[in-house]
Amino acid sequence: MSFLDGLNPEQRAAVTLPRVSALILAGAGSGKTRVLTTRIAWLIHCGLASPHGILAVTFTNKAAREMLARVSAMLPLDPRGMWIGTFHGLAHRLLRIHHRDAGLPREFQILDSADQLSLLKRVMKNLNVDDEKFPPRQVAYYINASKEAGLRASKIEPSDFVSRRMNEIYAAYDEQCIREGAVDFAELLLRSYELLVENESLREHYRRRFGYILVDEFQDTNLLQYQWLKLIAGLGPSPAAEANAVFAVGDDDQSIYAFRGANVGNMQDFTRDFAVEHVVKLEQNYRSEANILDAANALISHNRGRLGKNLWTATPGNEPLKLMQAMNDLEEADYVVAQVQDLSERGIGLNEIAVFYRSNAQSRVLEHALFRAAIPYRVYGGLRFFERQEIKHALSYLRLVANADDDGAFLRVVNFPARGIGIRTLDHLTEFARHRNTSLWGAAVARAGVRGREHPSSLMPYPTSLSHAPRGVEGFVGLIESMRQGCTGVPLPEAIEHVIELSGLKGYYENERDGKDRVANLDELVSAAQGFVQEQSELSPENMLAEFLAHAALEAGEYQAEAGVDALQMMTVHAAKGLEFHSVFITGLEEGLFPHENSLNDPGGIEEERRLMYVALTRGRKRVYLSFAQSRLLHGHTRYNIASRFIREIPEKLIARNAPYTYNRWVEPARGQTSATAEADAPSAWKLGQAVVHSKFGYGVIVNMEGRGLDARVQVNFRDAGVKWLALEYAKLTKA
DNA sequence: CGGCCTTAATTTTTT
DNA sequence: ATTAAGGCCG
C-alpha cells in the first residue's frame, strides 16, 4: 500500500497493528500525526473498519482539522462518517443528539470560562456569599475540579465549613445552569459521561459502532476524559467481553497541562485497564538537527519518573544554539528583530520562524520592536475572536433569540446599547424572577405586559428606523421579539446581520471613537457564519443557530487567519505544541518567568515547566535561539531576574553566546578572593540589579532595596534559594 | 439612570 | 500596563 511507503519499522508496526489496544510512545517529531492518520487510512483501506466505525479524539480543534484533512487526502472518501474531534466537541455532539436523554433543553448553550464565571458570580450574590472569603475564581476552580473528578455536589461529603459552603455554591450553580439551559466545558464531559453510564442501550450502541478508537496527545487527558473513553470502549459499568481497540498516542515528556487536570498517570492506567500488550516506541526524530535534539535530551533528563524514551536523529547538524544575554526586555526584543532580519535575508520565510514566550504579557514588547522594524508578524492566542466584547454582545442577542431563559445573555445586553434600564430596574426584575421562579426574560415579559414567545403573533409593532430606538424594559422585550421573528426561516448569516443592525450594536460602535475595528469584527462575524453554514451544510436550518453558538464557544477561534501572508509566528510555548519551524526563538528565559514563579510551589511544577521547555526546544528544525533579560518591565514595575536554570541544564558545548560570558555573573569567585562585608562597601555601591553572593544562599541579584545606613535592607533573588529580604548590616553579602 | 472618574486588583499556561 | 469594579455628579 502506497501510504505505508516511507514509514520506518516502528511506525509501520504501529500503523498495522491488529484490532487490539495499544500505546504508542511517540517522541517529539517522530511522525506521530502521520502514524495516526495513516492508521485510520490503513484500517479503512483494508476493510477492517468503515469510516462510520472510527472515533478519533484530539485535544485541539486545529489538530482535529489537520487529521481530517490528512485522512481525506489519503483516501477518496467522504470523511463525514468519522467522528473526529476534540473531547469537548464530541461530548457536545453526543449531547445535541441525545439532549432529551441527557436532561437538557434542545437549545442548550455552552458557557465559555468567562460566561461561567459571570454566572457563578450571580449565583454567589444570590446566596450572599462573601467573595472576599470565597473568590469566584477559586470557587470556579473547585467546581471544575469536582466535575473533572466525576463528582456532583450531592456526592461530595464536605469535610469542613469551607468545603461545605463551596459545595452549596456548586449545587446552586448547577441548578442555575439547568434553569438557564447552560452547560460549561467540564459539564459537557461529565454530562455525556453520565448519559452513557445511565443509559445502557446508548452505551452499547456507541460501543458497537466505534470498534476503533484513536486518541491523540493521550498524556493530556484528565481523569474524566479517560473514564469517558473507557465507557465508550466497553469498559464501563457492565464491561463488554472484549473491549474495543483503543490506539493511544502520547508522550509523557510533552505533558504540559497538568495544571488544568491532565493526568499523565492515565498512560500507565491505560496499559493496565486495557491489558495493553503492544507498546510501540517511536524514538527517531525527523525534525531537528542533532545539536537541538541533544540539547532537548539533556534538558529533559533532569526530570525524574519518565517512562523512558531516547530520541535520536539521523540528521547531522552542529549549529550551536545561540544564547543572548540582554540588559533588558527592550534589548532582547531588538536582538530578536536583528536575528529575524538576518534569517530573512538568508532566505528563510517568516512563516518558518517562530518566537515563543512563556506568558502572553510578554508579547507586547516584542510586537513593538517588530512593528518598528516593519516585520510582519502574527500573534496566536491572546484575545480570541469570539471573546471580543462586541462579538460577545452580538452572540448574546442571538443566544436570547435561541433560548430566552439565558439570564447571562440577558444581563449582558439588556442595557447595551444603553436604553435606560438601570440597576434599580434590574433589581426589580431579579426579585420578580426569583419570586415566580422564572428567568429574567420571563420577568421582563411579565413586566412589559407582552405575551411570551409562545405567541409571537401578539408582538408589539417595532419600528425599523433606529433614530429613536425604544427604551425601557418594554422596548427591550419588543426588540428581542421582533429579532426572533426576523430570524425565523432566514439563513443564519442574514439573521445575524439583522440582529447586529436591529440591536443598535452597529450604530453604537459606528459612533464610538475607536469603534472601527469593532464594526469590522461584527461584519467578520457575519462572514464567519457564512463559512460555518457552508461547512455544515448538512445541518437542518433550525439547528443552525444553536450549532453556530456552540461552535463559537467551543472554538474561540483563529478567525483572523491570514493564511498566505508571510509573517513571523508568535505564540506562547503552550500554543506551539505540535508545530515545527525552521528557526525558533525562546525568549524570557529567566527564573520566575520561565520557569514561572507560580509553578515553584506546587509539586511537579518545575518538571512541568521543564517539559514546557522541552516542547519549545523540539519545535526547531535547524536553529534555536535562547534569550533572557536582566531586567524586565512587567505589570508596570521593573523586575530583576537571573538566568533560567534551563539554560544551565543544556550542555555548554551546544551553546554559542553573544558575549564573553558569565551566566549573568554566576561565575564562582576566584579562590582566595577577599569577601567584603556590606559595611565595607559604600551604601551607594548596592544597586538594583547588582549580582551578589551570600555565604549561605549563594548567588543572586538585588531586586529591591529599602532604608539607609544600618537599617538598609535589600531583597535578593537567589539562584537556588528564592527571594529573600536581607539586612545589609548582618548579611554577609559580596558583590559577585 | 448614565457617563466619567478614580481606585484596586491582576497575571501562567487553554480545551 | 491594562482592565474590572466602585463612586460621584449631571
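Throughout, a chain's letter reflects where its sequence line sits, starting with A, and its residues are numbered from 1.
- When each of E609(A) and L426(A) is assigned the nucleotide of DNA chain B with its nearest heavy atom, L426(A) is the one assigned upstream, toward the 5' end.
- Counting heavy atoms from C-beta outward, F247(A) and V249(A) have side chains that approach closer than 4.5 Å.
- Spacing between atom CG of D329(A) and atom P of dA1(C) amounts to 12 Å, rounded to whole angstrom units.
- Separating the CG atom of L188(A) from the C1' atom of dT14(B) is a distance of 15 Å, rounded to the nearest angstrom.
- A donor-acceptor pair shorter than 3.5 Å can be found between the side chains of E390(A) and N521(A).
- The interatomic distance linking K62(A) (NZ) with dT14(B) (C1') rounds to 12 Å, in whole Å.
- In this structure, K577(A) does not reach the dT13(B) phosphate: none of its side-chain N or O atoms is under 4.0 Å from OP1 or OP2.
- No hydrogens or angles considered: nothing links the side chains of Q225(A) and Q227(A) as a donor-acceptor pair under 3.5 Å.
- Regarding contacts with the backbone of dT15(B), every side-chain N or O of N61(A) stays at 4.0 angstrom or more from both OP1 and OP2.
- Distance from the side chain of T60(A) is smallest to dT15(B) among dT13(B), dT15(B), dG3(B).
- We find that CG of L90(A) is positioned 12 Å from C1' of dT15(B), with the value rounded to whole Å.
- Nearest to the side-chain atoms of R364(A) among the listed nucleotides dG2(B), dT14(B), dA1(C) stands dA1(C).
- Proximity note for R424(A) (side chain, C-beta onward) versus dT15(B), dT13(B), dC1(B): the nearest is dC1(B).
- I256(A) has its CD1 atom 11 Å from the P atom of dT15(B), to the nearest Å.
- Close to dC1(B), at under 4.0 Å from its OP1 or OP2, lies no side-chain N or O of R471(A).
- In this structure, L634(A) reaches neither bases nor backbone, as no heavy-atom distance under 4.0 Å exists between it and the strands shown.
- Here the side chains of F356(A) and Y625(A) are not in contact, with every heavy-atom distance at 4.5 Å or above.
- If you check dT14(B), dT15(B), dG3(B) against the side chain of A418(A), the one that comes closest is dG3(B).
- Taking only side-chain nitrogens and oxygens, S113(A) never comes nearer than 4.0 Å to OP1 or OP2 of dT15(B).
- Counted by atom type alone, Q362(A) and S359(A) present one or more donor-acceptor pairs between their side chains at under 3.5 Å.
- For F185(A), taking side-chain heavy atoms from C-beta onward, the closest of the listed nucleotides dA1(C), dT13(B), dT15(B) is dT15(B).
- Remark: N415(A) is in phosphate contact with dG2(B), judged by side-chain N or O atoms under 4.0 Å from OP1 or OP2.
- Residues Y173(A) and D184(A) have side chains that bring a donor and an acceptor to within less than 3.5 angstrom of each other.
- Between the side-chain ring of Y257(A) and the base of dT14(B), no stacking contact exists by the 5.5 Å and 30° definition.
- A side-chain donor-acceptor contact under 3.5 Å links Y380(A) and Q569(A).
- If you find the closest nucleotide of DNA chain B to Q225(A) and to I423(A), the one lying nearer the 5' end belongs to I423(A).
- The N360(A) side chain lies nearest to dT14(B) when the options are dT15(B), dC1(B), dT14(B).
- The side chain of R137(A) contributes an N or O atom lying less than 4.0 Å from OP1 or OP2 of dT11(B).
- Checking dT11(B), dA1(C), dT15(B) against every side-chain atom of A361(A), the shortest atom distance belongs to dT11(B).
- Atom C1' of nucleotide dT13(B) and atom CG of N222(A) are separated by 16 Å, given to the nearest angstrom.
- Within 4.0 Å of F59(A), counting heavy atoms only, lie sugar-phosphate atoms of the nucleic acid but no base atom.
- Here the P atom of nucleotide dT14(B) and the CD atom of Q116(A) are 17 Å apart, to the nearest Å.
- Between the CZ atom of F356(A) and the P atom of dT13(B) there is a distance of 16 Å, rounded to whole Å.
- Heavy atoms of T425(A) sit under 4.0 angstrom from primed sugar atoms or phosphate atoms, though from no base atom.
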